[in-house]
Amino acid sequence: MILPRICKKSPSGEMIYYTWFQAMHTRIDVAIVSCEAEAFLNEASQRIYHRILDIEHTANCFDENSEISIVNRQAHLGPMTLSDELYHILSLCMKYNKLTFGLFDITTDSEGFTRETITHVALTDERKIKFDIPGIRLNLSGFLKGYALESIRSLLKECNIENALINMGNSSIMALGRPHSTQKWAISHHMQNTEPIQLENECLTTSGNDTDTRLHIVNPRTGKTIEGRKCTSLVTKSGIEGEVLSTALFIASDEDEEAILQRFHVDRIFHLG
Amino acid sequence: MEYSNTISRREFLKELGILGAGILATTSPWLSAFGEISHTNNERCRIGLIGPGSRGQFLLSFLKKNPKVEIAAFADIYQPSLDEALKAVPTAKAYKDYRKLLDDKSIDAVVIATPLNTHCQIALDAFDAGKNVFCEKTIGYSMEDCLKMYNKHLETNKIFFSGQQRLFDPRYIKAMAMVHDGVFGPVNCVHAYWNRNGDWRRPVPSPELERHINWRLYKEYSKGLMTELACHQLQVGTWALGKLPQKVMGHGAITFWKDGREVYDNINCIYTFDNGEMMTWGSDISNKFYGLEEQILGNLGTIEPERGKYYFENIDPAPAFLQMINEWENKLFGAMPFAGTSWAPETANENHGEYILGKRPETDGTSLNLDAFVEAVVTNKQPERIAEEGYYASLLCLLGHEAITSGTILDFPNEFKIDYPSYNTKAIKES
Ligand SMILES: NC(=O)c1ccc[n+]([C@@H]2O[C@H](COP(=O)([O-])OP(=O)(O)OC[C@H]3O[C@@H](n4cnc5c(N)ncnc54)[C@H](O)[C@@H]3O)[C@@H](O)[C@H]2O)c1
């Protein structure tokens, strides 16, 4: 697919290049500031697009042909061998489950979910997975955008692109470098009337309820959705940690929050509602 | 002088927002007319208006506001038109015969807004009298007329503009810059149409004036919808595609308004290009539901410049990013207002498009077209490609008319091809 793009060049030869597309059940906006030729940036954005499609094909549980969907349908029947990428993703998710005291949990969509459900997911060193009980459904939605951001970061690095802003559906934003030497990337939050959030080599991730009626984040401790709180946004170095922690801290009690923050570095945190 | 500020080139370009000067120079090179606008503040241009009828009066309303313009004289064979014009500019001279106006050596330029069949002779005489010429579209009644006019402009080295105001309409200029920049992918098709529901007649004070007032309904004066309406829109199509069609076919009929008129009230034409691209033009004046539009169809998106909007095939660009790109050049952008919980894919299904200029279109290019003409006259510089655009717009509608009347598929005739620097654009290179 040819991606749409809009670009503008400054007299000094620097260019702002913008492309956007829909993938992973969301919209993705990529803005790059660079002195490279447009054709080079076209190539870079094609690579980003195809990388995202690969991730989607591996790990998007809304796509019934994705690898994760096949795992969800078959892993209770016997051990299945995973691709390197899915194995890597699931290993990370299991690690973050422990590090967040169980608050970040990819099994909350499972039938008869309890906080023990995740212990029935067995990952082995031979890249195999098995569900010990039927009804488990892994949902990576609360992880994948951050993972995709980190993948895009690696691609841009390979292309020597240092200044870029990547937006995954407004909830996960990665700001690399700066748009101008004198300015950081400035983002304002449409649910929060605070000063614009200034970012440089940082990610801004938001988790929460889109509306009062669309509650989708489940507290693994209670098995219930979160009411009352609207959203939690935080600024982190890593997109993956931003994704994991925004969910965990949205759910967390004050004590949990304190404990989690001892384990991770979060630069800024905003709770709303 | 407040007015001269409002037309400064910088302001105008600011309206165009996102564009760099480079892409404008290739997409709309005639904008160079505004290059010296501030250096010409003390210059004056004495204009004679020939045919101050309905369009002529409208043009006059803009010319009057331009401080560089002095309206010196009017010429019209119809006294009520002269009377009306003198009400607007009582100091101007008034002539029944335009040749008297041309005799006035102090007049620098003429604006011709008479019925189509009279354009050619008036323009040729004006060039010969040493005048610069702004002629309303369609420039000539026949292809031969148009070529004579164009050649006379070259021979006399006088400025030649036509009433193709879309060439100066910011939303068209910006849309074309985006098209030529490949933003919407290669353009494969342009659907242009102009529909109305009305008999296209004007009230006639007494019966012997019928043909004089309703000249556009009679063959002797006009070729009807093709020359009066298609001319504008066909030019938009070739501007977008960056090239001229090779073949034309069409059909026309008097289907609904069988009231003694001699020109079609229902027309469809197809223009085909070297790579298989097509441009259609249609008009039906018994139904106005779809109004007028030039739908420019690229494989990544669609532009509807009349409505002032563009649409992407998949999802629209994010307004916050568009704003950032606009502000990036000034190194002065505010925060991008978008962070929050997830964007919902459902909203992408309603494709309402974006305004090309970021807002509903407010004006057409008529006043800037005239301002550019005045600038060209005072600097004595013919902007690149402006006469050629007017020439080819006229040829295309006349060729369409000929295809209809002859009932044949016509090739673009070689004898009417003039030097027309091709657009060197990304979209075209890709296709
Ligand atoms: N660019 C545009 O969007 C646009 C819009 C409308 C009309 N037009 C063009 O403007 C021209 C005039 O159209 P209009 O609607 O104003 O017509 P109109 O009939 O209202 O005005 C024409 C005027 O010319 C006068 N006239 C006729 N023959 C003359 C002659 N030999 N010498 C001097 N005066 C003469 C008439 O008396 C009348 O006053 C046409 O070419 C038309 O296509 C352009």
Side-chain angles (χ1 to χ4, degrees), chain A residues 1-11 14 16-22 25-31 33 38 42 141 145 165 167-173 179-183 185-192 195-198 204-211 214 216 230-231 233 272, chain B residues 16-24 174 177-178 181-186 298-302 310-349 351 354 426-427 429-431:
Chain A
M1 188 175 93
I2 308 176
L3 296 176
R5 64 188 184 280
I6 295 176
C7 26
K8 189 167 184 175
K9 225 177 182 147
S10 75
E14 210 177 22
I16 187 152
Y17 177 102
Y18 169 46
T19 185
W20 65 97
F21 52 90
Q22 207 173 340
H25 213 61
T26 190
R27 68 169 297 141
I28 299 171
D29 299 284
V30 177
V33 173
E38 196 182 329
N42 285 340
S141 306
K145 288 180 182 170
L165 185 71
N167 175 30
M168 308 267 311
N170 303 345
S171 58
S172 307
I173 298 158
H180 284 298
S181 55
T182 52
Q183 260 181 313
W185 298 100
I187 315 290
S188 66
H189 201 295
H190 67 68
M191 291 168 86
Q192 233 157 300
E195 284 286 290
I197 301 164
Q198 307 284 336
L204 172 64
T205 315
T206 302
S207 282
N209 296 320
D210 305 323
T211 62
R214 262 190 68 191
H216 67 110
K230 280 209 174 70
C231 67
S233 297
L272 189 74
Chain B
L16 297 173
I18 191 161
L19 302 174
I23 181 76
L24 276 185
K174 183 164 170 190
M178 292 173 83
D181 204 22
V183 170
F184 302 100
N299 88 311
L300 296 178
T302 303
Y310 61 76
Y311 311 80
F312 279 94
E313 283 287 277
N314 296 313
I315 49 168
D316 279 349
F321 277 77
L322 289 181
Q323 189 189 328
M324 174 178 73
I325 295 168
N326 275 332
E327 293 173 352
W328 178 76
E329 207 169 41
N330 315 325
K331 306 195 173 194
L332 226 188
F333 48 77
M336 299 174 64
F338 61 77
T341 51
S342 301
W343 175 84
E346 303 81 67
T347 58
N349 298 335
N351 192 344
E354 288 286 330
K426 269 189 256 170
K429 269 186 260 159
E430 273 172 20
S431 65

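Within every chain, numbering begins at 1; the chains are lettered A, B, ... in the order of the sequence lines, protein sequences first and strands thereafter.
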Checklist entry - Which value, rounded to the nearest 0.5 Å, describes the distance between Trp328(B) atom CH2 and Glu14(A) atom CD? => result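 Here the interatomic distance stands at 5.0 Å.
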Item to check | Distance in Å, Arg27(A) CZ paired with Asn314(B) CG, rounded so as to fall on 0.5 Å steps | outcome: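 Reported to 0.5 Å precision, the distance equals 11.0 Å.
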Between [X] and [Y], what is the shortest heavy-atom contact and its length?
X	Y	answer
Ile315(B)	Gln22(A)	CG2-OE1, 2.9 Å
Trp20(A)	Pro317(B)	NE1-N, 3.4 Å
Ala31(A)	Met324(B)	CB-CE, 3.6 Å
Asn299(B)	Ile2(A)	ND2-CD1, 4.1 Å

Next on the checklist: If I measure from the heavy atoms of chain B, does Phe21(A) come under 4.5 Å with its side chain, its backbone, both, or neither?
Outcome noted: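 The backbone, not the side chain.
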Checklist entry - Are side-chain heavy atoms of Arg5(A) and Asp181(B) found at a separation under 4.5 Å? => result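 No, every pair of side-chain atoms sits at 4.5 Å or beyond.
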Next on the checklist: Using a 4.5 angstrom heavy-atom cutoff, name the option from Asp29(A), Leu165(A), Leu204(A), Thr19(A) with the most pairs to chain B.
Outcome noted: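 Looking at each of Asp29(A), Leu165(A), Leu204(A), Thr19(A) in turn, Asp29(A) comes out on top.
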Checklist entry - Looking at Thr205(A), Leu3(A), Ile173(A), which has the largest count of heavy-atom pairs under 4.5 Å with chain B? => result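 The answer is Ile173(A).
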